[in-house]
Amino acid sequence: MREIHRANVADIDPVALYRILWLRVTVFVVEQQAAYPEIDGRDLEPGAELMWAVEDGEILATLRILCGDEALRIGRVATAVPARGRGLAADLMRAALERCAHLAPDLPIDLDAQMQLEDWYGRFGFVRVGDPYEEDAIPHIPMRRPAEPAVAEGAE
């Protein structure tokens, strides 16, 4: 059974937090060979939340939501190799978008996508908003999902 969880760092069970961070380091530092400080301090920012997907007791995907004054930001989207291609990251992204709509429906959502994932993020309403750039020798593009327009009471 698939479960989606979310919490700020202070409220996450230490073993679950360890597994979330281990997954991020495994994907971003080891697999992608990007030697950088994955534990960057931003998980501790006010309003920051981690989300993660669990199947059969194992954490298989994770992401982070950061709250800013002008936009929310989704980042650190990572899925364990054996869990890829099963829709787990898509379920997690949909849950993150719902959470962002709850936190700040009037703000857009930004992310920095690896270039090969532009179409994948496009499925969720993100569009390219800047020029490609390289981070740790991996091509990226800035993307944004506009804020959802407010729906008037009783409108369909």
Engineer: Looking at every non-hydrogen atom in both residues, tell me the closest pair between L111 and I74 and how far apart they are.
Structural biologist: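 Looking at all heavy atoms of both residues, the shortest contact is CB-O, 3.2 Å.
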Engineer: From W52 CH2 over to I12 CD1, what is the distance, rounded to the nearest 0.5 angstrom?
Structural biologist: 4.0 Å
Engineer: Can we say E58 and R19 salt-bridge, meaning some charged N sits less than 4.0 Å from an Asp/Glu carboxylate O?
Structural biologist: no
Engineer: Show every donor-acceptor pair shorter than 3.5 Å between a side-chain atom in residues 135-143 and any protein atom, with sequence neighbours excluded, or say none if there are none.
Structural biologist:
from	atom 1	to	atom 2	distance (Å)
H140	ND1	I138	O	2.7

Engineer: Cluster question for you: counting only ILVMFWY and a side-chain heavy-atom cut-off of under 4.5 Å, with indirect links fine, are F124 and L103 together?
Structural biologist: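 Linked, F124 and L103 end up in one cluster.
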Engineer: Any idea which heavy atoms bring L107 and G68 closest together, and the distance?
Structural biologist: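 Looking at all heavy atoms of both residues, the closest pair is CD1-O, 3.6 Å.
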Engineer: Atom CD of residue position E3 - does it have more than 12 heavy atoms of other residues, nucleotides or ligands inside 6.0 Å?
Structural biologist: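 Enclosed: over 12 neighbouring heavy atoms sit under 6.0 Å from CD of E3.
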Engineer: Please lay out, stage by stage, how M93 and W120 fare under the test side chain to side chain contact (heavy atoms under 4.5 Å, CB included).
Structural biologist: CA-CA 11 Å; M93 181 59 71; W120 189 82; 4.1 Å; yes
Engineer: Check this for me, if you would: do E49 and R64 make a salt bridge, where the nitrogen-to-carboxylate-oxygen distance has to be below 4.0 angstrom?
Structural biologist: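 Here E49 does not pair with R64 in a salt bridge, since their nearest N and O are not under 4.0 Å apart.
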Engineer: For Q116, does the CD atom sit with more than 12 other heavy atoms under 6.0 Å from it, leaving out its own atoms?
Structural biologist: yes
Engineer: Just how far is it from atom OG1 of T79 to atom CD1 of I59, taken to the nearest 0.5 Å?
Structural biologist: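 Rounded to the nearest 0.5 Å, the OG1-CD1 separation comes to 12.5 Å.
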Engineer: With clusters defined by side-chain heavy atoms of hydrophobic residues (ILVMFWY) lying less than 4.5 Å apart, directly or transitively, does V25 cluster with V27?
Structural biologist: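 V27 clusters together with V25.
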Engineer: Mind checking whether V54 and L50 sit in one hydrophobic cluster, side chains of I, L, V, M, F, W, Y counted as touching below 4.5 Å?
Structural biologist: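 Yes; L50 is reachable from V54 via cluster members.
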Engineer: Between D43 and R76, does any side-chain N to carboxylate O distance fall below 4.0 Å?
Structural biologist: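 So D43 does not pair with R76 through a salt bridge.
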Engineer: Any side-chain heavy atom of R145 within less than 4.5 Å of one from P108?
Structural biologist: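 When only atoms from C-beta onward are counted, P108 and R145 do not touch, as no gap falls below 4.5 Å.
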Engineer: Testing the basics here: between C67 and G47, what is the closest heavy-atom pair and its distance to 0.1 Å?
Structural biologist: SG-O, 3.5 Å
Engineer: Compare every heavy atom of A147 with every heavy atom of P105, then report the nearest pair and how far apart it is.
Structural biologist: O-CB, 3.6 Å
Engineer: Ignoring hydrogens, what is the shortest heavy-atom contact between L92 and A61? Give both atom names and the distance.
Structural biologist: CD2-C, 3.7 Å
Engineer: Less than 4.5 Å apart, side chain to side chain, heavy atoms only: is that true for F126 and L117?
Structural biologist: no
Engineer: Taking all non-hydrogen atoms of both residues, which atom of Y121 and which atom of A113 are closest, and how far apart?
Structural biologist: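 Minimum heavy-atom separation between Y121 and A113: CD1-CB, 3.5 Å.
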Engineer: Show the numbers, then the answer: is there a side chain to side chain contact (heavy atoms under 4.5 Å, CB included) between D11 and N8?
Structural biologist: CA-CA 6 Å; D11 294 332; N8 64 43; 3.2 Å; yes
Engineer: Hey, could you give me the CG/CZ distance between L72 and R144, rounded to the nearest 0.5 Å?
Structural biologist: 10.0 Å
Engineer: Hey, are the side chains of R86 and L60 touching, using non-hydrogen atoms and a 4.5 Å cut-off?
Structural biologist: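 The answer is yes, as the side chains (C-beta and beyond) meet within the 4.5 Å cut-off.
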Engineer: Out of curiosity, does I109 fall in the hydrophobic cluster containing I4 (side-chain heavy atoms, cut-off under 4.5 Å, transitive links)?
Structural biologist: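 Looking at the clustering, I109 is in the same group as I4.
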Engineer: Between CZ of R6 and OG1 of T62, what distance do you get to the nearest 0.5 Å?
Structural biologist: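 Reported value, rounded in 0.5 Å steps: 13.5 Å.
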Engineer: Is the count of non-hydrogen atoms from other residues, nucleotides or ligands lying under 6.0 Å from D13 atom CG greater than 12?
Structural biologist: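 Count over threshold, so yes.
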Engineer: So I65 and M51, side chain to side chain contact (heavy atoms under 4.5 Å, CB included) or not? Walk me through it.
Structural biologist: CA-CA 8 Å; I65 299 172; M51 296 187 73; 3.7 Å; yes
Engineer: Dump the intermediate steps for side chain to side chain contact (heavy atoms under 4.5 Å, CB included) on D112 and Y133, then the final yes or no.
Structural biologist: CA-CA 10 Å; D112 295 312; Y133 65 94; 3.0 Å; yes
Engineer: Hey, could you give me the CZ/CG distance between R24 and L63, rounded to the nearest 0.5 Å?
Structural biologist: 10.0 Å
Engineer: Drop me the distance from L21's CG to E38's CD, to the nearest 0.5 angstrom.
Structural biologist: 7.5 Å
Engineer: Cluster question for you: counting only ILVMFWY and a side-chain heavy-atom cut-off of under 4.5 Å, with indirect links fine, are L17 and I39 together?
Structural biologist: yes
